[in-house]
2 protein chains.
Amino acid sequence: MLSGKFAISIHILTLLTKFPNDFLSSEFIAGSINLNPVLVRKEIANLKAHHIVESKEGKNGGTKLSKSASDITLNEIFQMTFDTINLGYAKNHPHPDCPVGKKINENLSGLYTQLNKKVSVELKNITLEDFSNQF
Amino acid sequence: MLSGKFAISIHILTLLTKFPNDFLSSEFIAGSINLNPVLVRKEIANLKAHHIVESKEGKNGGTKLSKSASDITLNEIFQMTFDTINLGYAKNHPHPDCPVGKKINENLSGLYTQLNKKVSVELKNITLEDFSNQF
DNA sequence: CATACTGTAATAAAATATATTACAAATATA
DNA sequence: TATATTTGTAATATATTTTATTACAGTATG
């Protein structure tokens, strides 16, 4: 999973924000996203590894936020679920003897780093609570 | 093609910038990128549709820039090759009866639009000439 | 008129993303 | 304590998207 990771995680987290006192099951969450529950659990595993949610196994188990939605920024979620914003790389190794081929990926990477910084600044200003309040 | 479109186009355009007086063949360009020439020609078709390069068919044919590299910004190239910066959407239609499911895509889209604006501002300040001068 | 290109369609192969199945381990509660 | 429900995770299958290849008509050059 790569394409939907951020979107799925933020969907999960928005639901958890809306029901801050309940342990929501992966099946319930999967129903809202329309996604297989196993994939929801995988994303939750990632969020757990970053300590922003906690789960309870067994009957009546599920997942809840482990910190306040007002203390979670979208930048944190971005960092947890996205490698870096980028506009892509060509898939194959470019020709190493060509002056352009030799440096293209390095130069693209520098550009993308610059873009990421701008995106991060923006996302730091939005909390999960802010985002959830739109619903 | 989505993932490599911008990277491939900027690679092509950097080569054309380095050889502003020559018509470069798709095969030559493909060698530098290490990509199938047919895909290079497809990207060139897109750049031609946006009038920043021109091609000559037949023997000794190829492609060259149709305007100065100093008059092309990376934002233009971005617009030509990328739909929008985004952090993804879940693939399936979310549940329409869930308050979160019902609005998630709209709200993500609003967020992504905001990010795109920041990225565009950044890319407007870099010309193809600037980028090519790094090589 | 032979050669070397572009343009483009059709198809194939490879890579990635998503879905499904299966089941062990945990825990609430009847 | 037995049953039902849920997480956690591995293994596998399916679907989708990207990339590559093949093929060939059209065009300009020398």
Side-chain angles (χ1 to χ4, degrees), chain A residues 1-9 11-12 15-16 19 22-50 53-66 81-83 86-95, chain B residues 1-9 11-12 15-16 19 22-50 53-66 81-83 86-95:
Chain A
M1 181 187 296
L2 221 171
S3 101
K5 229 170 142 63
F6 175 84
I8 289 164
S9 291
H11 193 146
I12 293 168
L15 287 168
L16 298 181
F19 299 93
D22 297 329
F23 284 87
L24 303 185
S25 76
S26 62
E27 189 137 11
F28 173 81
I29 294 169
S32 173
I33 306 179
N34 188 12
L35 188 73
N36 193 285
V38 173
L39 301 177
V40 171
R41 299 206 282 271
K42 272 192 186 159
E43 280 318 304
I44 285 172
N46 180 47
L47 298 174
K48 276 173 57 180
H50 288 93
V53 305
E54 59 198 72
S55 296
K56 197 170 61 172
E57 293 187 25
K59 188 167 180 181
N60 298 332
T63 302
K64 70 188 256 313
L65 287 181
S66 57
T81 58
F82 221 88
D83 188 17
N86 72 66
L87 307 180
Y89 294 93
K91 188 191 148 207
N92 301 327
H93 292 302
H95 201 301
Chain B
M1 182 187 296
L2 219 172
S3 100
K5 229 171 141 62
F6 175 83
I8 290 164
S9 290
H11 193 145
I12 294 168
L15 288 169
L16 298 182
F19 299 94
D22 297 330
F23 283 87
L24 303 184
S25 76
S26 62
E27 188 136 9
F28 172 81
I29 294 168
S32 173
I33 306 179
N34 189 13
L35 188 74
N36 193 287
V38 173
L39 301 177
V40 171
R41 299 207 282 270
K42 271 193 189 157
E43 279 320 305
I44 286 173
N46 181 46
L47 298 174
K48 274 172 57 181
H50 288 92
V53 304
E54 59 197 71
S55 296
K56 196 170 63 172
E57 291 187 27
K59 188 167 180 181
N60 299 330
T63 302
K64 71 189 254 315
L65 287 181
S66 58
T81 58
F82 221 87
D83 189 15
N86 72 65
L87 307 179
Y89 294 92
K91 189 191 147 208
N92 301 326
H93 292 301
H95 201 302

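All chains are named by letter (A, B, ...) in the order of the sequence lines, taking the proteins before the strands, and each is independently numbered beginning at 1. We use all heavy atoms of the structure for the numbers below, so side chains are in, but hydrogens, waters and symmetry mates are not.
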Q.
Measure CG/A:Asp22 against P/D:dT5 and give the value in whole Å, please.
A. 18 Å
Q. How many Å lie between CD1 on A:Ile29 and C1' on D:dT6, as a whole number?
A. 12 Å
Q: With sequence neighbours left out, write down each residue that passes side chain to side chain contact (heavy atoms under 4.5 Å, CB included) with B:Lys91, or none if nothing qualifies.
A: none
Q: Could you tell me whether B:Ser26 contacts a base, only the sugar-phosphate backbone, or nothing, with contacts defined as non-hydrogen atoms closer than 4.0 Å?
A: sugar-phosphate
Q: Nearest whole angstrom, please: distance from the P of C:dA13 to the CG of A:Asn92.
A: 18 Å
Q | Net bend of the helix from C:dC1-D:dG30 to C:dA30-D:dT1, end axes of five pairs each, nearest 10 degrees | A | 10°
**Q.** A:Ile12 side chain reached by A:Thr63 side chain, heavy atoms, under 4.5 Å
**A.** no
Q | Closest-nucleotide 5' rank along DNA chain C - winner of B:Lys91 and B:Ser25 | A | B:Ser25
**Q.** Minimum-distance nucleotide (side-chain atoms of B:Ala45 versus C:dA19, D:dA20, C:dT8)
**A.** C:dT8
Q) Just by protein heavy atoms under 4.0 Å, how would nucleotides 21-30 of chain C read 5' to 3' in B, S and -? A) B----BBBS-
Q: Rounded off to whole Å, could you give me the CD-to-P distance for the B:Glu54 and C:dT6 pair?
A: 14 Å
Q | Whole-Å gap separating C1' (D:dG8) and NZ (A:Lys42) | A | 11 Å
Q) Taking only residues two or more places apart in sequence, or in another chain, which ones meet B:Asn34 in a side chain to side chain contact (heavy atoms under 4.5 Å, CB included)? A) A:Asn92
Q: Can you tell me the distance, in whole Å, between the CG atom of B:Leu24 and the P atom of C:dT6?
A: 10 Å
Q) So does B:Glu27 have more than 12 non-hydrogen atoms from other groups sitting under 6.0 Å from CD? A) no
Q: Round to a whole Å and report the spacing from CZ of B:Phe28 to C1' of C:dA4.
A: 16 Å
Q) How would you list, by chain and number, every residue that makes a ring-ring contact (aromatic ring centres under 6.0 Å, His included) with A:Phe28, sequence neighbours excluded? A) none
Q) When rounded to the nearest 0.5 angstrom, what is the spacing between NZ in B:Lys42 and CD1 in B:Ile8? A) 11.5 Å
Q: Please round to the nearest 0.5 Å and tell me the distance separating atom CG of A:Asn60 and atom CG of A:Asp22.
A: 11.0 Å
Q | Residues in side-chain hydrogen bond (donor to acceptor under 3.5 Å, both in side chains) contact with A:Ser25, at least two apart in sequence or another chain | A | none
Q: Can you tell me the distance, in whole Å, between the CZ atom of B:Phe6 and the P atom of D:dT18?
A: 17 Å
Q.
Quick check on DNA chain C: between B:Gly61 and A:Pro37, whose nearest nucleotide comes earlier from the 5' end?
A. B:Gly61
(Q) Within this structure, what is the CD1-NE2 distance for the pair B:Ile33 and A:His95, rounded to the nearest 0.5 Å? (A) 12.5 Å
